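Here's the structure, in structure tokens; my notes come after.
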Amino acid sequence: MDHIHRLRCFGTIPKIPFLLLLSLLLFSFVNASFDLATIPFNDGYSPLFGASNVVRSEDGYGVQLRLDRYTGSGFISSSMYQYGFFSARIKLPSNYSAGICVAFYTSNGDVFEKSHDELDFEFLGNVAGKPWRFQTNLYGNGSTNRGREERYRLWFDPTKEFHRYSILWTAKNIIFYIDEVPIREVLQSEEMGGDYPSKPMSLYATIWDASNWATSGGKYKVNYKYAPFVTEFKDLVLKGCSADPIQEVTGTKSCSDQHADLEAQDYAGVTPMRRLTMRRFRQRYMYYSYCYDTLRYPLPQPECVIVPSEKQRFKETGRLKFGGSHHWQSRRRGRTTTPVDHTDQGDM
């Protein structure tokens, strides 16, 4: 199992290793809730596909996405946003979930087919008894031939209760959060150029059959004996400046004020304590990073910050120095991407 290691007991009192205790304290300290304003589903979103499998909650603040043998499902934000904070509390399908991909992401691929931007959370199902894995990725200006994937394990079971997953996107930085713990930060830089997402994007959430790649490189398929597969979303957050993607100039006074307000929020920066927690997360739970994959990229991409303690853990393939196979292709309903290799779905 990929949960926190079992506690060793001395008599009847748990004896917790120092590093594990430090990790627990750091996560709990940082995991103070952000001040977020949630909105009803119908106020900000609409079904994307599989409308019969998009089931709203009774209070109107949540929604279920279902996958059955006939269709997956998804929803999309009603507006596109020029920068923003996109967040939801999510619970993933339990039991046998191999071949399933649950995605929570921003994109403008429907408008800019050849030069789209994208920011991804993709959750990858597994066989019964094995944990979900997930990956983050980003594209700017159609840079799908330069995948920027990172893959991770979780320190909890995402099928047992809701956890918050968030994407911050500003003109200065991108931060991926889980339960207010930053797990990845990308800083805008001149060297990164057009690869940094900059055009208005919509927020998407989908569940779909990714049997050809999601679990062990396609070895394990979706088994519809266990259908329907249900993922739940609630406490949805959309904070940003709605923008017309075709409009050449979006820097209106209204957007300028909203951009400034976004960048002033608590979650818009990584404090020293959060940075320590992020480093701890990446040391314990990241098992693939494109920044250390020298077979794909002999020279690191310009936004990569090479951390010596991370680098020494990875092979030249960017994966950990133990376990796993590394062959997959990314395909999601409603988007087109270039196949990418060298990630990991092996046991750890």
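Please read all numbers here as calculations on a predicted model, not as lab measurements.
Looking at heavy atoms from C-beta onward, F134 lies out of side-chain contact with Y285 at the 4.5 angstrom threshold. Side chains of C241 and Y83 form no contact here, defined as non-hydrogen atoms less than 4.5 Å apart. Residues Y267 and L262 form a side-chain contact, since some pair of their non-hydrogen atoms from C-beta on lies under 4.5 Å apart. L187 has its side chain out of reach of Y196: every pair of non-hydrogen atoms, C-beta onward, lies at least 4.5 Å apart. Put simply, the side chain of D117 does not reach to within 4.5 Å of the side chain of Y139, judged on heavy atoms. For the pair L124 and C101, the minimum side-chain heavy-atom distance is below 4.5 Å. Between F176 and I167 the shortest side-chain heavy-atom distance falls below 4.5 Å. Two residues are said to be in side-chain contact when any heavy atoms from C-beta on lie closer than 4.5 Å; K172 and Q188 fail this criterion.
Applying the ring pair (Phe, Tyr, Trp, His ring centres under 6.0 Å) test between H163 and each of Y177, F121, F156 identifies F156 as the sole match. Looking at R279, Q283, R282 one by one, the single match for side chain to side chain donor-acceptor pair (under 3.5 Å) with E310 turns out to be R282. For the ring pair (Phe, Tyr, Trp, His ring centres under 6.0 Å) with F123, the lone residue among Y165, Y152, F229 that qualifies is Y165. Between R148 and the options N137, D120, D195, a side chain to side chain donor-acceptor pair (under 3.5 Å) holds for only D195. P47 pairs in a side-chain contact (heavy atoms from CB on, under 4.5 Å) with only one of the listed residues (V54, V63, I76), which is V54.
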Assess whether side chain to side chain contact (heavy atoms under 4.5 Å, CB included) is satisfied between F162 and I90, documenting all intermediate values. CA-CA 5 Å; F162 287 88; I90 304 172; 5.5 Å; no
Between D157 and T159, does the side-chain hydrogen bond (donor to acceptor under 3.5 Å, both in side chains) criterion hold? Intermediate values first, please. CA-CA 5 Å; D157 184 344; T159 73; 2.7 Å; yes
After noting the C-alpha distance and the side-chain angles of R296 and E149, does the key distance pass the salt bridge (charged side-chain N to carboxylate O under 4.0 Å, His left out) rule? CA-CA 12 Å; R296 286 175 69 189; E149 309 88 355; 2.7 Å; yes
Between Q265 and L168, does a side chain to side chain contact (heavy atoms under 4.5 Å, CB included) hold up when you go through it step by step? CA-CA 10 Å; Q265 298 300 311; L168 170 80; over 6 Å; no
Would K91 and V230 count as a side chain to side chain contact (heavy atoms under 4.5 Å, CB included) here? Give the steps. CA-CA 9 Å; K91 185 165 69 171; V230 179; over 6 Å; no
Hey, mind stepping through F86 and L238 against side chain to side chain contact (heavy atoms under 4.5 Å, CB included) and telling me if it holds? CA-CA 5 Å; F86 312 94; L238 282 176; 3.5 Å; yes
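Summarising the geometry, atom SG belonging to C304 is positioned 4.0 Å from atom OH belonging to Y290; distances are rounded to the nearest 0.5 Å. Once rounded to the nearest 0.5 Å, the distance linking CD of Q82 with NE2 of H259 reads 5.5 Å. Separating the NZ atom in K315 from the CG atom in D293 is a distance of 12.0 Å, to the nearest 0.5 Å. Once rounded to the nearest 0.5 Å, the distance linking OG of S289 with CZ of R313 reads 10.0 Å. The line from CZ of R69 to CG of N223 is 9.0 Å long, rounded to the nearest 0.5 Å. To the nearest 0.5 Å, atom CZ of residue R164 and atom CD of residue E180 are 6.5 Å apart.
The environment of CG in D59 is crowded: more than 12 heavy-atom neighbours from other residues, nucleotides or ligands sit within 6.0 Å. Enclosure of atom CG in L299 is not indicated, since only 12 or fewer non-hydrogen atoms of other residues, nucleotides or ligands lie within 6.0 angstrom.
In this structure, T277 contributes its side chain and M273 its backbone to a donor-acceptor pair below 3.5 Å. Between the side chain of K199 and the backbone N or O of V111, no donor-acceptor pair lies under 3.5 Å. The main-chain N or O of L203 is found under 3.5 Å from a side-chain atom of S77 such that the two form a donor-acceptor pair. Looking at S46, its side chain never comes within 3.5 Å of a backbone N or O of S78 through a donor-acceptor pair. At least one donor-acceptor pair closer than 3.5 Å links the side chain of N108 to the backbone N or O of P200. A donor-acceptor pair under 3.5 Å links the side-chain atoms of S143 to the main chain of G140, judged by distance alone. Between the side chain of D235 and the backbone N or O of R89 there is no donor-acceptor pair closer than 3.5 Å. Side chain of S211 to backbone of V222: a donor-acceptor contact under 3.5 angstrom is found. Formation of a donor-acceptor pair under 3.5 Å by the D179 side chain with backbone atoms of V181 is not found in this model. For the pair N53 (side chain) and T71 (backbone), a donor-acceptor distance under 3.5 Å is present.
No hydrogens or angles considered: a donor-acceptor pair under 3.5 Å links the side chains of Y224 and D209.
With salt bridges taken as basic N to acidic carboxylate O contacts below 4.0 Å, one links K239 and D261.
Using cut-offs of 30° and 60° for the angle between ring planes, the Y204 and Y105 rings count as parallel. Taking the six-membered ring for Trp and thresholds of 30 and 60 degrees, W155 and F281 have ring planes more than 60 degrees apart, a perpendicular arrangement. Ring orientation note: the planes of F41 and F75 are nearly perpendicular, at an angle over 60° on the 30°/60° scale.
Annotation: cation-pi geometry not satisfied between R133 and Y288 (NZ/CZ under 6.0 angstrom from ring centroid, within 45° of ring axis).
Contact between V55 and S52 at its shortest, heavy atoms only, is CG2-O, 4.3 Å. When all heavy atoms of R274 and G269 are compared, the closest pair comes out as NH1-O, 3.1 Å. Taking every heavy atom of both residues into account, A268 and E263 meet most closely at CB-O, 3.5 Å. Counting all heavy atoms, side chain and backbone alike, F49 lies closest to T206 at CE2-CG2, 3.8 Å. The minimum heavy-atom distance between P93 and I207, with the atom names listed, is CG-CD1, 4.2 Å. Considering all non-hydrogen atoms of both residues, I175 and P182 come closest at CG2-CB, 3.9 Å.
Hydrophobic clustering (ILVMFWY, side-chain heavy atoms < 4.5 Å, transitive): Y70 and L48 are in distinct clusters. Neither F85 nor Y61 shares a network with the other; the hydrophobic side chains, linked directly or stepwise wherever heavy atoms of I, L, V, M, F, W or Y lie under 4.5 Å apart, form separate groups for each.
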